[in-house]
Amino acid sequence: EGTPARDLRVEMRPSHLRVSVGSAAPLLDEELHMRIYVGSNADDQSSVWELQDRRCLVFHLVKWHRLEAGNVRDASRTWWRQCFASEKPFEN
(Lines give C-alpha, C1' and ligand atoms only; values in the text may rest on other atoms or scores of the structure.)
Protein backbone atom coordinates (compact mmCIF):
# COMPACT_ATOMS: atom_id res chain seq x y z
CA GLU A 1 0.00 0.00 0.00
CA GLY A 2 1.17 3.54 -0.67
CA THR A 3 3.35 4.88 -3.46
CA PRO A 4 6.89 3.71 -4.21
CA ALA A 5 9.47 6.50 -4.54
CA ARG A 6 10.31 5.40 -8.09
CA ASP A 7 6.78 6.41 -9.17
CA LEU A 8 7.22 9.98 -7.90
CA ARG A 9 8.42 12.78 -10.12
CA VAL A 10 9.91 15.41 -7.82
CA GLU A 11 11.36 18.56 -9.33
CA MET A 12 13.21 20.95 -7.04
CA ARG A 13 14.39 24.23 -8.51
CA PRO A 14 15.77 27.22 -6.61
CA SER A 15 12.37 28.92 -6.58
CA HIS A 16 9.90 26.15 -7.42
CA LEU A 17 8.70 22.71 -6.23
CA ARG A 18 6.70 20.26 -8.36
CA VAL A 19 5.52 16.74 -7.41
CA SER A 20 3.51 14.29 -9.48
CA VAL A 21 2.88 10.56 -9.52
CA GLY A 22 3.76 9.05 -12.90
CA SER A 23 2.40 11.14 -15.75
CA ALA A 24 -0.61 12.42 -13.79
CA ALA A 25 -1.24 16.11 -13.14
CA PRO A 26 1.00 17.58 -10.43
CA LEU A 27 -0.08 17.15 -6.81
CA LEU A 28 2.09 20.13 -5.91
CA ASP A 29 3.23 22.84 -8.31
CA GLU A 30 4.20 25.91 -6.30
CA GLU A 31 6.53 28.87 -6.44
CA LEU A 32 8.62 29.21 -3.28
CA HIS A 33 8.50 32.43 -1.26
CA MET A 34 12.31 32.49 -1.06
CA ARG A 35 15.05 30.64 -2.91
CA ILE A 36 16.49 27.30 -1.81
CA TYR A 37 19.91 25.83 -2.49
CA VAL A 38 19.55 22.87 -4.84
CA GLY A 39 23.25 22.06 -5.27
CA SER A 40 24.29 18.62 -6.53
CA ASN A 41 24.26 15.01 -5.35
CA ALA A 42 27.85 15.37 -4.12
CA ASP A 43 27.05 18.43 -2.01
CA ASP A 44 26.25 17.95 1.70
CA GLN A 45 24.28 21.20 1.81
CA SER A 46 21.77 20.40 -0.95
CA SER A 47 18.01 20.42 -0.53
CA VAL A 48 16.68 16.86 -0.71
CA TRP A 49 13.45 14.92 -0.41
CA GLU A 50 12.56 11.52 1.00
CA LEU A 51 9.49 9.31 1.02
CA GLN A 52 8.64 7.85 4.43
CA ASP A 53 6.51 4.71 4.74
CA ARG A 54 5.47 5.10 1.08
CA ARG A 55 2.99 7.74 2.24
CA CYS A 56 4.69 10.89 3.48
CA LEU A 57 6.89 13.04 1.24
CA VAL A 58 9.34 15.08 3.33
CA PHE A 59 11.37 17.96 1.95
CA HIS A 60 14.60 19.06 3.63
CA LEU A 61 15.08 22.54 2.20
CA VAL A 62 18.35 24.44 2.52
CA LYS A 63 17.79 28.17 2.39
CA TRP A 64 19.68 30.09 -0.27
CA HIS A 65 20.13 33.08 2.08
CA ARG A 66 22.01 31.71 5.09
CA LEU A 67 24.82 32.88 7.30
CA GLU A 68 26.96 29.80 6.56
CA ALA A 69 26.91 30.59 2.85
CA GLY A 70 28.08 34.13 3.56
CA ASN A 71 25.36 35.71 1.43
CA VAL A 72 23.62 37.54 4.32
CA ARG A 73 25.02 39.64 7.14
CA ASP A 74 22.05 39.46 9.46
CA ALA A 75 20.09 36.36 10.53
CA SER A 76 16.80 38.26 10.27
CA ARG A 77 17.11 38.00 6.47
CA THR A 78 16.96 34.19 6.72
CA TRP A 79 13.55 33.94 8.41
CA TRP A 80 10.71 32.64 6.22
CA ARG A 81 7.24 33.95 7.00
CA GLN A 82 5.76 31.54 4.48
CA CYS A 83 6.95 28.61 2.40
CA PHE A 84 5.04 29.19 -0.84
CA ALA A 85 4.43 32.50 -2.57
CA SER A 86 0.69 31.71 -2.72
CA GLU A 87 0.40 31.36 1.08
CA LYS A 88 -0.61 34.08 3.48
CA PRO A 89 2.39 35.02 5.69
CA PHE A 90 2.13 33.80 9.27
CA GLU A 91 2.60 36.03 12.31
CA ASN A 92 5.64 35.79 14.61
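Keep in mind the model is a prediction, meaning the values are calculated, not measured.
In this structure, R13 pairs ionically with E11, as a charged nitrogen and a carboxylate oxygen lie closer than 4.0 Å. A salt bridge links E1 with R55: the distance from a Lys NZ or Arg NE/NH1/NH2 to an Asp or Glu carboxylate oxygen falls below 4.0 Å.
Side chain to side chain, E31 and S15 meet the donor-acceptor criterion of an N or O pair below 3.5 Å. For the residue pair E50 and H60, a side-chain donor N or O sits within less than 3.5 Å of a side-chain acceptor on the partner.
A pairwise comparison of heavy atoms in R9 and G22 identifies CD-O, 3.0 Å as the closest pair. Taking each heavy atom of M12 and I36 in turn, the nearest pair found is CE-CD1, 4.1 Å. The minimum heavy-atom distance between T3 and L8, with the atom names listed, is CG2-CD2, 4.1 Å. In terms of heavy atoms, R81 sits closest to F90 at O-CD2, 2.7 Å. Residues H16 and L32 come closest through the heavy atom pair N-CD1, 3.9 Å.
In this structure, S47 contributes its side chain and V38 its backbone to no donor-acceptor pair below 3.5 Å. With hydrogens and angles ignored, the 3.5 Å screen pairs no side-chain donor or acceptor of S20 with any backbone N or O of A25. At least one donor-acceptor pair closer than 3.5 Å links the side chain of Q82 to the backbone N or O of E87.
With rounding to the nearest 0.5 Å, the separation of NE2 in H33 from SG in C83 is 9.5 Å. Atoms CG and CG, from L27 and L57 in turn, are 9.0 Å apart once rounded to the nearest 0.5 Å. Distance check, rounded to the nearest 0.5 Å: CG of D29 to CZ of F84 gives 10.0 Å.
Linking ILVMFWY residues whenever their side-chain heavy atoms come closer than 4.5 Å, directly or via other members, leaves Y37 and F59 in distinct clusters. Put simply, L61 and V10 are part of the same group of oily side chains (I, L, V, M, F, W, Y) that touch within less than 4.5 Å, one to the next.
More than 12 non-hydrogen atoms from other residues, nucleotides or ligands lie less than 6.0 angstrom from CH2 of W49. Counting non-hydrogen atoms of neighbouring residues, nucleotides and ligands closer than 6.0 angstrom, the CZ atom of R54 exceeds 12 such neighbours.
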Derivation of the side-chain contact (heavy atoms from CB on, under 4.5 Å) call for K63 and W80: CA-CA 9 Å; K63 297 175 183 178; W80 287 23; 3.7 Å; yes
Residues L17, E30; criterion side-chain contact (heavy atoms from CB on, under 4.5 Å); working and verdict: CA-CA 6 Å; L17 294 179; E30 291 282 343; 5.5 Å; no
